[in-house]
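To start, the structure itself, in structure tokens.
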Amino acid sequence: VWALHGERNTVYLAGSLHLLRPDDAQLPPMFEQAYEDAETLVMEIDLDDVDPLQTASLMLEQGTLDSGKTLRQIIGEARHERLAAEAERLGLPIEALQRFEPWALALQLVSLQYLRLGFDPEQGVEKQLERRARADGKAIEGLETLTEQFGALDTLSYEDQARFLDLTVSEMHELEARTDELLAAWRKGDIESLAAMLSDEYRRFPGLYEALVCERNRRWMPKIAGMLREDGDRLVVVGALHLVGECGLLELARQQGLKARPVR
């Protein structure tokens, strides 16, 4: 958690993990401090306004292939064969997945794998804080809409989407170890390790991380800077990897002359 100080308020920037295991879900002390200070909770999207049925409908609307196209045609036979084996392991019949765009299917596979590993979105940082904010009567806001969030992936070319899906399939069995490594660095506030993880992913697929991280950070930063000209402290919670690296929010803040100080 880092603090940006305006003339009349403080904006806290907190890096989150969207899913945590129930037996390891307690938030670090600096989150407690920032939450207690803040009048408003700001997340990537306003979870307080998100309807699960609306989310599913939007995913179906944006994540369905145009008529006449099939997943097999989009990703190619070799990738499709690897996907079929992984989908079967997770209990998904491959023929029922043919109308999904590759990015939407990649998200489904990762979600299912996380659930199998015992990670729960209800125990993630955002959901914990959202429940507390509602109970405490604090305002809840979002930096973007769900449509914009899905759009970051939906605008990728089919070839990039196919690569994203193939990368997801190839890394499914490394997901637990990689997430545990990320979790350990997050709990220690080890920004160097977090930055190294993001750098590794960026080198493997720069187009994806430009769309998912850099472009969104550039859209968010003016909104965060604007909060410093308002009254009332805010806690801004985004995925931990949005904070670090050359296009991370901490670096973008520095470029605007804003000093982010770690909360201890």
Side-chain angles (χ1 to χ4, degrees), residues 17-19 44-45 50 52-116 119 121 124 126 142-175 178-179 182 197-198 200-220 238-239 241-242 247:
L17 294 184
H18 303 317
L19 306 92
E44 294 181 21
I45 58 174
V50 171
L53 291 178
Q54 180 188 21
T55 301
S57 175
L58 186 61
M59 171 71 85
L60 191 62
E61 177 186 333
Q62 291 193 253
T64 299
L65 289 167
D66 295 335
S67 179
K69 292 187 173 68
T70 67
L71 183 68
R72 187 191 298 266
Q73 292 170 342
I74 295 296
I75 67 175
E77 198 60 43
R79 286 169 170 163
H80 189 271
E81 186 175 332
R82 290 192 292 273
L83 169 64
E86 197 60 30
E88 182 179 355
R89 180 183 70 83
L90 293 170
L92 297 173
I94 190 64
E95 293 308 317
L97 306 176
Q98 293 302 312
R99 294 301 311 284
F100 284 103
E101 292 197 356
W103 70 265
L105 186 51
L107 295 188
Q108 288 189 50
L109 293 178
V110 170
S111 295
L112 282 173
Q113 181 69 353
Y114 269 127
L115 289 175
R116 287 195 168 207
F119 288 88
E126 287 89 348
L143 291 169
E144 64 186 4
T145 66
L146 199 57
T147 300
E148 290 171 326
Q149 192 170 83
F150 285 158
L153 288 165
D154 193 36
T155 54
L156 291 174
S157 69
Y158 279 150
E159 177 54 33
D160 277 347
Q161 288 187 40
R163 287 183 58 211
F164 174 42
L165 177 58
D166 197 42
L167 185 64
T168 299
V169 168
S170 67
E171 292 184 345
M172 289 289 277
H173 298 278
E174 303 171 16
L175 193 61
R178 293 171 69 89
T179 303
L182 177 63
M197 291 177 202
L198 178 63
D200 288 344
E201 296 294 342
Y202 190 91
R203 282 195 295 269
R204 298 174 73 182
F205 200 160
L208 177 66
Y209 279 84
E210 178 69 24
L212 281 185
V213 178
C214 297
E215 290 181 9
R216 293 167 72 202
N217 283 355
R218 294 186 193 109
R219 290 200 307 269
W220 295 347
V238 298
L241 297 184
H242 281 284
C247 62

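Keep in mind it's a predicted model, so treat the numbers as computed, not measured. Hydrogens, waters and symmetry mates are skipped; everything else that's a heavy atom, side chains included, is used.
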Next on the checklist: So Gln73 and Gln98, do their side chains get closer than 4.5 Å, heavy atoms only?
Outcome noted: no
Checklist entry - For residues 160-169, which residue pairs qualify under side-chain hydrogen bond (donor to acceptor under 3.5 Å, both in side chains), counting only residues two or more places apart or in two chains? => result Arg82-Asp166
Next on the checklist: Please determine whether the number of non-hydrogen atoms from other residues, nucleotides or ligands lying under 6.0 Å from atom CZ of Phe100 exceeds 12.
Outcome noted: no
Checklist outcome for this item: Value for OG1 (Thr179) from CG (Leu19), rounded to nearest 0.5 Å, stands at 8.5 Å
Item to check | Heavy-atom closest pair, residues Val169 and Glu86 | outcome: CG1-CB, 4.0 Å
Item to check | Donor-acceptor pair, side chain of Glu88 and main chain of Ile94, under 3.5 angstrom | outcome: no
Item to check | Non-hydrogen atoms of Ala152 and Ala211 that approach each other most closely | outcome: O-CB, 3.7 Å
Next on the checklist: Are more than 12 heavy atoms, taken from residues, nucleotides or ligands other than Glu81, located less than 6.0 Å from that residue's CD atom?
Outcome noted: no
Checklist outcome for this item: Heavy-atom nearest pair, Ala104 first then Met59, reads CB-SD, 3.8 Å
Next on the checklist: Using every non-hydrogen atom in the two residues, find where His242 and Asn217 come nearest and quote the distance to one decimal.
Outcome noted: ND1-OD1, 2.8 Å
Next on the checklist: Just checking Glu215: does its CD atom have more than 12 heavy atoms from other residues, nucleotides or ligands closer to it than 6.0 angstrom?
Outcome noted: yes
Checklist entry - Rounded to the nearest 0.5 Å, how far apart are CG of Leu146 and CD of Gln62? => result 8.0 Å
Next on the checklist: I'd like to know if Arg218 pairs up with Glu144 as an ion pair, taking the criterion as any Lys NZ or Arg NE/NH1/NH2 lying under 4.0 Å from an Asp or Glu carboxylate oxygen.
Outcome noted: no
Next on the checklist: Could you report the tightest heavy-atom contact between Leu65 and Leu71, atom names first, then the distance?
Outcome noted: CD1-N, 3.5 Å
Next on the checklist: Between Trp220 and Glu44, is there a side-chain heavy-atom distance shorter than 4.5 Å?
Outcome noted: yes
Item to check | CG-CD1 distance between Leu165 and Ile75, expressed to the nearest 0.5 angstrom | outcome: 5.5 Å
Checklist entry - Short question: side chain of Ser111, backbone of Leu107 - any donor-acceptor pair under 3.5 Å? => result yes
Next on the checklist: Quick check for you: to the nearest 0.5 Å, what is the distance between Arg116 atom CZ and Leu175 atom CG?
Outcome noted: 13.0 Å
Checklist outcome for this item: Value for CG (Leu109) from CD (Glu171), rounded to nearest 0.5 Å, stands at 12.5 Å
Next on the checklist: Could you walk me through whether Lys69 and Glu101 satisfy the salt bridge (charged side-chain N to carboxylate O under 4.0 Å, His left out) test, starting with their C-alpha distance in whole Å, then the side-chain angles of each, then the deciding distance to 0.1 Å, before giving a yes or no?
Outcome noted: CA-CA 10 Å; Lys69 292 187 173 68; Glu101 292 197 356; over 6 Å; no
Item to check | From Leu212, Val213, Leu17, Leu182, residue fulfilling side chain to side chain contact (heavy atoms under 4.5 Å, CB included) relative to Leu241 | outcome: Leu182
Checklist entry - Side-chain contact, heavy-atom cut-off 4.5 Å: Leu156 with Trp103? => result no
Checklist entry - Does Glu148 use its side chain to pair, donor to acceptor, with the backbone of Thr145 at less than 3.5 Å? => result yes
Checklist outcome for this item: Shortest non-hydrogen pair, Met172 vs Leu90, comes out as CE-CD1, 3.6 Å
